[in-house]
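Remarks on the structure that follows.
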Amino acid sequence: MKKLIPGFVILLFIISCNSDKTSSHSPIDILPDLPSENIILINKEKNTVRERFSPPENYEWVEEKPNSFGTFIENFPLKTYGSKILKYDGTPIAIQHLHEAIFDIDTGNRDLQQCADAVIRLRAEYLYKNKRFDEIAFHFTSGDLVKWNDYKKGIRPVVSGNSVRFRQTASFDDSYSGFRSYLDLIFNYAGTISLNKETMPVAHTSDLKTGDILITPGSPGHVVFIAGTCMNKENKKLFLLAEGFTPAQSIHLLSNPFQKNISPWYELDINSPETKTARYFFKPTNFRNF
């Protein structure tokens with residue numbers, strides 16, 4: 001069962017996605033419907049993050065390491081420009097003016113793939129695509145580690161209250177549909193608390209890269225991930241941010257309503273006491289990486 005999460009108001013209504021799958025959403029956050037004007041070229045006909053979003057003047061895309069998580073994200077397919085954010089049941093959310101792109105990946109048909117789950121989904125898909133099966137393992141909020149290599153052998157967690165035991169209850173299945181079932185299980189019992197523990201803090205703003213996350217662990221909590229990085233000759237970086245949200249909905253790349261002149265790019269600082277994103281304010285700022 002899910003319970004109501006109260007809203008949070010500072011100039012706007014803010015909510016976060018839940019971290020332990022015991023809470024449901026409150027009304028979606030509201031920002032003023034600001035004009036969509038910006039000076040950044042958006043190549044609307046292109047269908048990857050890197051191709052669609054040009055950096056601001058005097059900036060260039062940062063070259064990610066080959067086969068890295070960052071490369072996977074910046075080259076991830078996008079849906080047609082202008083696509084709406086859809087909930088898991090296929091209906092559009094109320095607020096459609098705070099995003100610039102939709103990742104072309106399913107949300108599932110249950111209210112599971114929320115904010116932390118969106119990051120887990122992309123990380124798992126990256127590892128799966130690169131056949132790094134031994135690394136596909138995520139903790140429940142309880143602390144119990146659930147491995148894809150065990151799940152595909154038929155080993156399942158048996159949850160009773162806060163206790164988790166593992167038993168052989170199914171036959172071997174290493175199909176992609178089996179992998180998706182594994183992820184739905186993770187989504188149900190993992191969240192921002194477990195994701196925060198599975199990642200490492202970023203020491204310097206200059207170290208931030210595509211694939212890193214900005215997270216508030218808790219119940220409720222929230223997380224966004226860096227979906228692109230550009231840099232100028234003075235080594236100043238700007239970043240694209242993306243997220244899942246509550247209720248489970250399309251993974252989407254955020255606009256920047258606070259700096260319309262560089263939207264959808266964001267200036268980020270790991271030492272800032274607060275980081276404002278289009279649908280959530282992070283206080284304190286907590287950047288982490290895998």
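Below, each value reflects all heavy atoms present in this structure, side chains not excepted, and no hydrogens, waters or symmetry copies.
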Note: with side-chain heavy atoms under 4.5 Å as the link, the other cluster members for V62 come out as M231
Sorted by chain and residue number, the ring-ring contact (aromatic ring centres under 6.0 Å, His included) partners of F138 (sequence neighbours excluded) come out as none
Check your understanding: Can you find a side-chain donor-acceptor pair between D104 and N47 that sits under 3.5 Å?
Key -> no
The residue among T275, N271, T216 that forms side chain to side chain donor-acceptor pair (under 3.5 Å) with T285 is T275
Residue set satisfying ring-ring contact (aromatic ring centres under 6.0 Å, His included) with F140, at least two apart, ordered chain then number -> Y189
Check: F103 ring centroid to F76 ring centroid under 6.0 Å: yes
TODO: Inspect the contact between E125 and K129 and indicate whether a charged nitrogen and a carboxylate oxygen are less than 4.0 angstrom apart.
DONE: no
Those residues at least two apart in sequence (or on a different chain) that pass side chain to side chain donor-acceptor pair (under 3.5 Å) with D134 are N149
Does the Lys NZ or Arg CZ of R279 fall within the cation-pi geometry relative to F245 - under 6.0 Å from the ring centre and within 45° of the axis? yes
Practice prompt. If the plane angle is over 60° it's perpendicular, under 30° parallel, otherwise tilted; pick one for Y128 and F133.
Written response: perpendicular
Heavy-atom closest pair (V49 atom, I73 atom, distance to 0.1 Å) is CG2-O, 3.7 Å
What side-chain donor-acceptor pairs closer than 3.5 Å can you find for residues 162-169, not counting sequence neighbours?
residue: Q168; atom: NE2; partner: K153; partner atom: O; Å: 2.6
residue: Q168; atom: NE2; partner: A170; partner atom: O; Å: 3.0

I85 and H99 have their tightest heavy-atom pair at CD1-ND1, 3.5 Å
| message | Check this for me: does any side-chain nitrogen of one of D184 and R110 sit under 4.0 Å from a carboxylate oxygen of the other? | response | yes
Residues 76-86 vs side chain to side chain donor-acceptor pair (under 3.5 Å), sequence neighbours excluded, gives Y81-E100
**Request:** May I ask you to decide if the ring planes of F69 and F72 are parallel, tilted or perpendicular, using 30° and 60° as cut-offs?
**Result:** parallel
- Any ion pair linking E267 and K236 (charged N to carboxylate O, less than 4.0 Å)? yes
Minimal heavy-atom distance between W61 and P55, with the atoms involved, is CD1-CG, 3.4 Å
### Query
Would you say the side-chain atoms of E74 and T210 include a donor-acceptor pair closer than 3.5 Å?
no
On the 0 to 90° scale, with breaks at 30° and 60°, tag the Y182-W148 ring pair as parallel, tilted or perpendicular. tilted
- Output yes when E51 and K46 qualify as a salt bridge under the 4.0 Å nitrogen-oxygen rule, no when they do not. no
Heavy-atom closest pair (A242 atom, A227 atom, distance to 0.1 Å) is CB-CB, 4.1 Å
